[in-house]
Amino acid sequence: MNSSIVKTSLKPYNTFGIDVSAQKILNWKSEEEVEVFFKGGDRNVLVLGGGSNVLFIKDIDRTVVLNRIKGIEIINESDESVEIRVGAGEDWHEFVLYCLDQGWGGVENLSLIPGCIGASPIQNIGAYGVEIKDVLLRVEAVSRKDGRKEVFGNSSCKFGYRDSIFKRSHKNQYVITAVVLRLEKNRKVNVSYGAIQSELEKMGVDSPGIRDVSNAVIRIRKSKLPDPKLLGNAGSFFKNPVVTREKYQSLKKRYPQIPSYPVNDDQVKIPAGWLIDHAGWKGRRFENYGVHEKQALVLVNYGGATGNKIYQLSEKILQDIAERYGISLEREVNIIK
Ligand code: FAD
Ligand code: EPU
């Protein structure tokens with residue numbers, strides 16, 4: 001059975017700390033509950049994990065369901081690796097810490113990302129050279145149309161940079177109930193992302209293991225990303241744009257110091273944080289909301305801001321970046337209307 005929560009404010013359930021209300025808030029604690037719920041036909045509910053990638057613009061005139069399906073289970077094990085099935089409602093970072101305790105490698109670069117594991121395949125969470133797609137075997141989901149369970153293998157999820165089928169053709173059509181991952185017992189650590197290497201040097205670590213990499217990532221993240229418990233935010237508000245090499249070369253002529261990362265022979269990724277910073281937005285505060293002072297890609301709520309104000313600020317930034325650089329930024333955060 002679904003258990004109702006009396007309180008209807010969504011403020012505690014979104015890391016931006018936006019105070020809108022929901023008609024009703026429910027918890028799902030098992031896959032069966034989800035199946036039963038949707039067997040009666042499509043239901044217009046909003047599913048949330050940790051609320052760390054959403055911006056609420058107004059009161060939600062439907063039921064909000066918090067996915068709290070727990071459980072970590074080993075389904076296969078060898079000397080080299082372990083396959084584990086994780087309930088969608090498990091907290092991501094606690095799960096990473098659990099893996100470190102077991103000596104299982106593969107998710108250490110993704111330390112300290114907020115939210116639940118059920119949302120991790122939706123935008124293919126990524127940080128410091130690793131994405132969830134690198135360790136994900138399959139996603140278990142329930143169709144919102146008829147309550148039937150479906151399983152999506154890694155390639156069916158069509159993962160890309162901050163992208164998957166769950167943001168495109170399958171958007172709002174499934175509730176993810178579990179994720180199956182394969183982790184390694186003798187992981188060769190990935191320190192390809194420059195900032196990790198320099199942080200490990202500062203820490204005095206020569207031959208890092210998975211826990212050292214996790215600690216380095218945590219230190220880097222804490223130095224620039226605001227803690228949502230102290231300052232409302234949803235991480236990067238925009239995605240880093242991918243442009244043609246030609247476009248990049250023309251920008252480079254105008255802005256010789258513009259950073260870039262190769263994507264393939266024809267395309268490069270440009271850090272949106274640099275574009276926004278260079279356009280003078282970093283640290284700008286408007287009443288009780290603004291652009292974070294240490295990371296221009298992060299919009300913040302200093303307390304009491306409405307989602308609409310933050311959305312309007314994102315509009316202004318989008319327009320300004322388009323006019324200055326001829327680049328259309330795309331929001332990473334899900335705008336919930
Ligand atoms: P929510 O915000 O609750 O939901 C996100 C979307 O998914 C919503 O549309 C929701 O309806 C849908 N959804 C949620 N759960 C389910 C489900 N079980 N089934 C179907 N739909 C569902 N992201 C990165 O990729 N890399 C980072 O480095 C990173 N750093 C961050 C740092 C900070 C400080 C913050 C606040 C956010 C950061 N994020 C990062 C973004 C965010 O943490 C991730 O996108 C995370 O996976 C969102 O999880 P969640 O449970 O909070 O999702
Ligand atoms: N930069 C600036 N000014 C800023 C911010 C960034 O000039 O204010 C430039 C710097 O040149 C810096 C470069 O941008 O070297 C990249 O910055 P950073 O390493 O902080 O990474 P990012 O591109 O801003 C991305 C992800 C993060 C992820 C980190 C680490 C996106 C949209 N964001 O940020 O993910 O944690 O890399 O891998 O891809 C998120 O998705 O919410 C998120 C936080």
Side-chain angles (χ1 to χ4, degrees), residues 13-17 28 34 45-56 64-69 87-93 109-132 139-142 144 161-162 164 166-167 170-179 193-196 217 220-242 257-261 269-279 281-283 291-298 300 329-336:
Y13 305 112
N14 73 103
T15 60
F16 250 125
W28 277 328
V34 186
V45 293
L46 172 67
V47 184
L48 284 184
S52 65
N53 207 20
V54 289
L55 178 67
F56 297 127
V64 169
V65 193
L66 306 174
N67 191 321
R68 297 292 178 260
I69 303 171
E90 290 286 349
D91 177 85
W92 174 263
H93 182 60
N109 297 52
L110 302 173
S111 294
L112 213 62
I113 296 181
C116 295
I117 196 156
S120 63
I122 295 176
Q123 73 158 10
N124 180 25
I125 58 166
Y128 301 97
V130 172
E131 293 178 322
I132 186 83
V139 171
E140 298 179 9
V142 169
R144 294 169 68 127
Y161 163 62
R162 297 293 188 273
S164 78
F166 303 107
K167 283 184 77 175
H170 289 26
K171 190 175 163 96
N172 293 331
Q173 294 192 27
Y174 289 87
V175 172
I176 295 174
T177 49
V179 175
Y193 203 95
I196 297 188
V217 167
I220 302 167
R221 295 182 69 98
K222 282 190 172 167
S223 72
K224 51 182 157 187
L225 289 169
D227 178 350
K229 288 197 190 88
L230 307 175
L231 186 59
N233 77 94
S236 302
F237 201 91
F238 305 98
K239 287 166 56 166
N240 287 329
V242 175
Q257 68 285 48
I258 189 168
S260 69
Y261 312 101
K269 199 188 267 179
I270 297 179
W274 186 91
L275 298 171
I276 299 168
D277 184 353
H278 199 78
W281 289 96
K282 191 168 174 173
V291 180
H292 188 46
E293 58 188 7
K294 292 186 190 150
Q295 228 299 1
L297 204 45
V298 178
V300 293
L329 291 182
E330 206 184 310
R331 291 182 184 86
E332 177 189 304
V333 172
N334 298 280
I335 309 298
I336 313 287

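As the structure lists them, so they are numbered: ligands from 1, and atoms in each ligand from 1. Model, not experiment: these values are computed from the prediction.
- Within the listing of ligand 1, atoms 49 (O), 50 (P), 51 (O), 52 (O) sit less than 4.0 angstrom from a heavy atom of Gly115.
- No donor-acceptor distance shorter than 3.5 angstrom exists from the side chain of Asn67 to the backbone of Leu48, with no hydrogens or angles considered.
- Between Leu46 and Val54, every side-chain heavy-atom pair lies at or beyond the 4.5 Å cut-off.
- Both the backbone and the side chain of Ile125 come within 4.0 Å of ligand 1, counting heavy atoms alone.
- Contacts between Ser236 and ligand 1 below 4.0 angstrom, taking non-hydrogen atoms only, are absent altogether.
- Between Ile276 and Leu329, the closest side-chain pair of non-hydrogen atoms falls below 4.5 Å.
- Ligand 1 does not have Glu131 within reach: every non-hydrogen atom of the residue lies 4.0 Å or more from it.
- Among Gly232, Gly49, Ala178, the residue whose heavy atom sits closest to atom 3 (O) of ligand 1 is Gly49.
- Contact annotation: for Asn124 versus ligand 1, there are no heavy atoms closer than 4.0 Å.
- In the vicinity of Pro114, heavy-atom distances shorter than 4.0 Å reach the ligand 1 atoms 31 (C), 32 (C), 33 (C), 35 (C), 36 (C), 37 (C), 38 (C), 43 (O), 46 (C).
- Applying the salt bridge (Lys or Arg N to Asp or Glu O under 4.0 Å) test to every pair with at least one member in residues 220-236, sequence neighbours left out, gives no pairs at all.
- Proximity of a side-chain donor or acceptor of Arg68 to a complementary backbone N or O of Gly49 within less than 3.5 Å is detected.
- Partners of Gln295 according to the side chain to side chain donor-acceptor pair (under 3.5 Å) rule, which considers only residues two or more places apart in sequence or in another chain, do not exist here.
- For Phe166, the ring pair (Phe, Tyr, Trp, His ring centres under 6.0 Å) partners at least two apart in sequence or on another chain are Phe152.
- Ile125 places a side-chain heavy atom less than 4.5 Å from the side chain of Trp92.
- Residues Phe16 and Phe237 meet the side-chain proximity criterion, which asks for heavy atoms closer than 4.5 Å.
- Compare Ser52, Gly51, Gly235, Pro226 by their heavy atoms: the one nearest to atom 41 (C) of ligand 1 is in Ser52.
- The ligand atoms of ligand 1 that sit less than 4.0 angstrom from a heavy atom of Val54 are 2 (O), 8 (C).
- Side-chain atoms of Tyr128 do not come within 3.5 Å of backbone N or O of Ala195 as any donor-acceptor pair.
- Residue, atom and distance of the protein heavy atom nearest to atom 31 (C) of ligand 1 are Arg221 NH2, 3.4 Å.
- Looking at ligand 1, you'll find an N or O of Gln123 within less than 3.5 Å of one of its N or O atoms.
- Looking at Ile270 and Pro259, their side chains never come closer than 4.5 Å, going by heavy atoms from C-beta outward.
- The main-chain N or O of Leu231 is found under 3.5 Å from a side-chain atom of Asn233 such that the two form a donor-acceptor pair.
- With hydrogens left out, the protein atom closest to atom 12 (C) of ligand 1 is Ile122 CD1, 3.7 Å, a heavy atom.
- When non-hydrogen atoms are compared, ligand 1 lies under 4.0 Å from the side chain of Asn67 (C-beta onward) but not from its backbone.
- In this structure, Ala141 has no heavy atom closer than 4.0 Å to ligand 1.
- Looking at atom 10 (C) of ligand 1, its nearest protein heavy atom turns out to be Val47 O, 3.1 Å.
- The CD1 atom of Ile132 sits 11.5 Å away from atom CD1 of Ile122, with the distance rounded to the nearest 0.5 Å.
- Heavy-atom proximity to Cys116, at under 4.0 Å, picks out these atoms of ligand 1: 49 (O), 50 (P), 51 (O).
- Residue contacts with ligand 1 for Asn334 involve side-chain atoms from C-beta outward but no N, CA, C or O (heavy atoms, distance under 4.0 Å).
- For ligand 1, the atoms lying closer than 4.0 Å to a non-hydrogen atom of Ile113 are 26 (N), 27 (C), 28 (O), 29 (C), 40 (C), 43 (O).
- In terms of modelled atom types and a separation under 3.5 Å, the side chain of Asp277 and the main chain of Ala279 share no donor-acceptor contact.
- If you check which protein heavy atom lies closest to atom 50 (P) of ligand 1, you get Gly50 N, 3.4 Å.
- Ligand 1 places these atoms under 4.0 Å from at least one heavy atom of Val175: 19 (N), 20 (C).
- For atom 53 (O) of ligand 1, the closest non-hydrogen atom of the protein is Ala119 CB, 3.4 Å.
- The contact set between ligand 1 and Gly126, taken as ligand atoms under 4.0 Å from a residue heavy atom, comprises 24 (C), 25 (O), 26 (N), 27 (C), 28 (O).
- Using a cut-off of 4.0 Å between Lys/Arg side-chain N and Asp/Glu carboxylate O, Lys239 and Glu332 are scored as not salt-bridged.
- Atoms CD1 and OG, on Ile220 and Ser111 in that order, are 10.5 Å from each other to the nearest 0.5 Å.
- Every N/O-N/O distance between Thr15 and ligand 1 stays at or above 3.5 Å.
- Side-chain N or O atoms of Thr177 include one that pairs as donor or acceptor with a backbone N or O of Glu140 at under 3.5 Å.
- With hydrogens and angles ignored, the 3.5 Å screen pairs a side-chain donor or acceptor of Arg144 with a backbone N or O of Val45.
- Close approach of ligand 1 to Ala234 is summarised as follows: ligand atoms under 4.0 Å from at least one heavy atom of the residue are 35 (C), 36 (C), 37 (C).
- In this structure, Tyr174 is part of the shell of residues with a heavy atom less than 4.0 angstrom from ligand 1.
- Enumerated by chain and number, the residues approaching ligand 2 to less than 4.0 Å through a heavy atom are Ala127, Tyr128, Tyr161, Arg162, Tyr193, Arg221, Lys224, Gly235, Ser236, Phe238, Lys239, Asn240, Pro259, Tyr261, Pro271, Gly273, Trp274, Asp277, Lys282, Gln295, Ala296, Leu297, Glu332.
- Remark: ligand 1 and Ile176 share an N or O pair separated by less than 3.5 Å (distance only, no angle test).
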- Please step through side-chain contact (heavy atoms from CB on, under 4.5 Å) for the pair Phe238 and Val333, ending with a clear verdict. CA-CA 7 Å; Phe238 305 98; Val333 172; over 6 Å; no
